[in-house]
**Q** 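Got a structure for you, questions after.
We use all heavy atoms of the structure for the numbers below, so side chains are in, but hydrogens, waters and symmetry mates are not. Chain identifiers are assigned alphabetically (A, B, ...) following the order of the sequence lines, protein sequences preceding nucleic acid strands; residue numbering begins at 1 within each chain.
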Protein chains: 2
Amino acid sequence: MARAGGKANLNDVAKQAGVSLATASRVLNGSARTVGAELQERVREVAARLDYSPSGPAQAMARGATNVIGLVVPDIADPYFSTTAAGIMHEAEPHGMIITLSSTQRRSEREAEYIASLRRQRARGVILVGSRTTDSRHEADLRAEVEAFTAAGGRVAAISQHRLPADTVLVENRAGARALAETLVGLGYRRFAVLAGPSDLVTARDRLAGFREGLRRAGITLDSADVIPGEFTRDGGYAAATALLDEDRDVECVFAVNDVMAVGAVAAFRDRGLNLPDDLAVAGFDDIVSLRDIWPPLTTVRVPLEQLGREALKFVLDEPGDGSRVRRFRGEVVVRASTPALG
Amino acid sequence: MARAGGKANLNDVAKQAGVSLATASRVLNGSARTVGAELQERVREVAARLDYSPSGPAQAMARGATNVIGLVVPDIADPYFSTTAAGIMHEAEPHGMIITLSSTQRRSEREAEYIASLRRQRARGVILVGSRTTDSRHEADLRAEVEAFTAAGGRVAAISQHRLPADTVLVENRAGARALAETLVGLGYRRFAVLAGPSDLVTARDRLAGFREGLRRAGITLDSADVIPGEFTRDGGYAAATALLDEDRDVECVFAVNDVMAVGAVAAFRDRGLNLPDDLAVAGFDDIVSLRDIWPPLTTVRVPLEQLGREALKFVLDEPGDGSRVRRFRGEVVVRASTPALG
DNA sequence: AGCATGGCGGAAAGAGCTTTCCCGGTCTTG
DNA sequence: CAAGACCGGGAAAGCTCTTTCCGCCATGCT
């Protein structure tokens with residue numbers, strides 16, 4: 001509580017150095033104004049001796065700005081988001097920015113709340129990662145908060161999510177999924193099923209749509225019974241895969257719209273006694289590094305997660321900040337053992 | 001820059017509501033002092049209308065305390081740390097605490113720096129996760145910063161790391177590794193190798209020591225050539241495993257001191273054409289959830305990562321904060337397919 | 001010698017809150 | 001009915017800095 005507890009403030013430093021507050025401040029900030037060498041030395045020496053630590057909150061007030069960037073993710077334990085976060089932090093460091101982290105536990109209705117909190121903190125910017133967009137009530141709240149934040153002079157960037165009045169970093173999910181479908185068809189697969197993730201997640205929807213497009217070009221259509229929705233998590237993938245098996249469809253290759261689900265699906269198939277990849281091929285999306293060692297290694301679409309984060313941070317830090325710029329990243333299809341070429 | 005940009009402050013609210021600053025503040029904080037119902041309503045109404053957002057920095061100044069808790073981890077992209085972080089955030093939420101995240105990129109010499117930054121932010125507390133302890137020069141810096149932070153009234157908690165003047169949450173690495181060794185011996189294994197991780201990491205050292213103890217009880221000793229140091233990462237595990245293979249030792253079971261390394265080792269063995277688990281058994285430590293689906297499923301020691309985080313946060317939030325309390329968690333051996341019973 | 005410059009240091013005005021202290025009016029109570 | 005206890009409200013101090021505005025003194029010029 002008594003955060004002041006015996007610690008020296010700038011006033012103490014100034015007094016002990018026998019200079020004014022203004023001078024002390026100037027010395028310690030390397031201000032434009034010149035200060036005599038002798039005084040500089042004296043001030044610095046005293047500051048060091050008193051173990052002076054400038055008050056962030058006070059500086060923020062006086063300067064009218066903080067160095068805080070807020071990061072809002074659905075689930076920090078998910079490797080997709082933690083990798084993206086790593087990219088952001090990497091970029092933030094050299095700029096002296098402080099990252100505050102909020103995890104919505106995949107309850108996107110909390111995003112608005114967190115942005116409001118960030119506004120209270122007077123954060124410079126917010127980076128929003130991959131939220132949903134269809135629940136119109138919550139979306140309205142979210143838009144309102146984003147606008148309020150922007151109106152207050154803050155900058156907002158979004159990753160993997162359209163429709164927000166903010167600079168946006170996008171993955172070309174559609175194109176990536178389309179290319180993946182074409183590749184799989186090229187490998188000889190004809191009968192597909194898709195573990196489609198949550199239907200209110202743009203990312204999931206786009207990947208499904210792109211995949212469909214790719215198949216259609218090859219004259220293949222996806223029966224609606226072959227599209228299994230579910231959670232965007234490992235367990236969601238497991239459940240969807242189990243459901244698929246229960247329907248007993250005739251399928252050669254399963255596309256899970258993200259790697260995490262794909263891993264769950266692989267586990268489910270194995271639990272049911274299937275021998276992968278011979279009995280069934282599986283493909284994912286994202287190319288999550290920590291999942292590269294599962295067996296069989298997943299065919300997937302590589303997404304430059306860290307770069308997504310870095311670009312988003314650049315958006316937040318860049319001066320201009322006109323209306324809403326967009327930066328797109330292509331995914332690259334990576335074929336691995338989980339989808340061997342057919343006969 | 002101009003973060004003030006047109007936004008209303010408490011003064012504006014007070015004026016428009018026709019009350020004093022003090023009253024407005026009291027209403028908005030639900031202060032102990034009672035305020036007439038009518039005024040309350042008026043103030044709230046105006047605040048809402050002006051979209052008033054109290055300034056965090058200003059509140060921090062006036063109150064002499066922030067709601068910031070700093071979290072310092074080696075690498076947020078590592079599932080060990082991201083899971084722990086999730087536990088912390090989970091617990092932090094209901095307390096209205098704000099988490100700021102710093103990732104040292106496994107360069108522990110930066111920890112001191114980050115703590116200093118947190119002190120400047122006037123953070124209430126710091127949670128330090130799993131750093132090294134042997135480099136005496138950096139350790140001295142770190143201790144100094146921790147003490148300075150504490151002297152300034154902040155609270156420090158450490159996870160998986162002794163020797164710091166702070167409340168500590170520990171995993172019983174030694175006992176866990178010992179139990180694991182005994183279990184493996186019970187399964188019939190006799191010839192072991194250990195991928196030991198970095199020698200300056202207490203966690204790694206304790207696990208190795210515990211494993212050795214367990215073996216010794218069974219009359220087995222570990223040749224120093226059977227202990228391969230390396231990085232605490234997937235690639236470190238891969239490299240160490242490769243090195244082990246190159247030495248061509250006669251080994252039945254490899255213990256990697258954490259799961260992430262174990263996964264790297266599994267990949268290395270497979271790349272060398274070994275058929276797991278028949279040709280070689282592998283065990284890990286931590287029971288990282290996102291790694292549960294690798295093949296073969298890893299025998300490991302389960303560590304309650306989220307709980308570690310939660311307890312650490314409790315330490316930071318709890319009133320008392322005497323000297324340095326310690327909370328220990330046992331690990332639980334989990335046998336899976338990667339170490340089948342022998343013969 | 002007289003005056004305009006420039007350099008350097010200080011006083012003071014905020015920045016936006018919380019909280020203590022004070023005061024006038026009510027309500028209670030003997 | 002007077003007096004003390006309360007209650008609700010406001011004025012103002014204080015938290016720790018940054019930055020503008022002033023003023024002093026020493027130069028440099030003419």
**Q** Nearest to the B:Ala62 side chain among D:dC15, C:dT19, D:dT16, which nucleotide is it?
**A**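 Nearest listed nucleotide: D:dC15.
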
**Q** Please compare A:Thr23 and B:Leu21 by the position of their nearest nucleotide in DNA chain D and report the one closer to 5'.
**A**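 Result: B:Leu21.
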
**Q** Output the rounded distance in Å from CG (B:Leu28) to C1' (C:dT19).
**A**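 The answer, rounded to whole Å, is 15 Å.
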
**Q** Rounded to the nearest Å, what distance is computed from the CG atom of residue B:Asp12 to the C1' atom of nucleotide C:dC17?
**A** 13 Å

**Q** What is the distance, to the nearest angstrom, from the CG atom on B:Asn29 to the C1' atom on C:dT19?
**A** 11 Å

**Q** Apply side-chain hydrogen bond (donor to acceptor under 3.5 Å, both in side chains) to A:Thr104 and list each qualifying residue two or more places apart in sequence or on a separate chain.
**A**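 Partners of A:Thr104 under the side-chain hydrogen bond (donor to acceptor under 3.5 Å, both in side chains) test: none.
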
**Q** Among C:dA11, D:dG10, D:dT18, find the nucleotide with the atom closest to the side chain of A:Ser20.
**A**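 Of the candidates, C:dA11 comes closest.
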
**Q** What is the distance, rounded to the nearest whole Å, between atom CZ of B:Arg63 and atom P of C:dT18?
**A** 5 Å

**Q** Does atom CZ (B:Arg328) have a neighbourhood of more than 12 heavy atoms from anything else shown, all under 6.0 Å?
**A** no

**Q** C:dT19, D:dT18, C:dC17: which one has an atom nearest the side-chain heavy atoms of A:Gln59?
**A** D:dT18

**Q** Can you work out whether A:Tyr52 or B:Ala24 has the more 5'-proximal nearest nucleotide on DNA chain D?
**A** B:Ala24

**Q** For the side chain of B:Met61, starting at C-beta, report the closest nucleotide among D:dC21, D:dC15, D:dT18.
**A**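 Taking heavy atoms from C-beta onward, the closest nucleotide is D:dC15.
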
**Q** Is the distance from OP1 or OP2 of C:dA15 to the nearest side-chain N or O of B:Asn9 less than 4.0 Å?
**A**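 Checking C:dA15 against B:Asn9, no side-chain N or O comes under 4.0 Å of OP1 or OP2.
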
**Q** Could you tell me the separation between the CG atom of B:Asn67 and the C1' atom of C:dC17, rounded to a whole number of Å?
**A** 14 Å

**Q** How would you list, by chain and number, every residue that makes a side-chain hydrogen bond (donor to acceptor under 3.5 Å, both in side chains) with B:Asn9, sequence neighbours excluded?
**A**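 By the side-chain hydrogen bond (donor to acceptor under 3.5 Å, both in side chains) rule, B:Asn9 matches no residue at all.
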
**Q** Please report, rounded to the nearest Å, how far the C1' atom of D:dT18 is from the CG atom of A:Asn11.
**A**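 Atom-to-atom, A:Asn11 to D:dT18, this comes out as 14 Å.
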
**Q** Apply the test salt bridge (Lys or Arg N to Asp or Glu O under 4.0 Å) to residues A:Asp78 and A:Arg106: give CA-CA distance (whole Å), side-chain angles for both, the deciding distance (0.1 Å), then the verdict.
**A** CA-CA 10 Å; A:Asp78 184 312; A:Arg106 299 188 191 268; 2.8 Å; yes

**Q** Does a side chain donor of either B:His138 or B:Glu111 reach within less than 3.5 Å of an acceptor in the other side chain?
**A**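 Distance-only check fails for B:His138 and B:Glu111.
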
**Q** Could you check whether B:Pro57 gets within reach of a base, just the sugar-phosphate, or nothing at all, counting any heavy atom under 4.0 Å?
**A**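 No contact at all - B:Pro57 keeps every heavy atom at 4.0 Å or more from the nucleic acid.
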
**Q** Calculate the interatomic distance between A:Arg26 atom CZ and D:dT18 atom P; express it in whole Å.
**A** 11 Å

**Q** Round to a whole Å and report the spacing from CD of B:Glu38 to C1' of D:dG9.
**A** 13 Å

**Q** Taking only N and O in the side chain of A:Ser25, is any of them less than 4.0 Å away from OP1 or OP2 of D:dC17?
**A** no

**Q** Nearest to the B:Ala22 side chain among D:dC17, C:dC21, D:dA12, which nucleotide is it?
**A** D:dA12

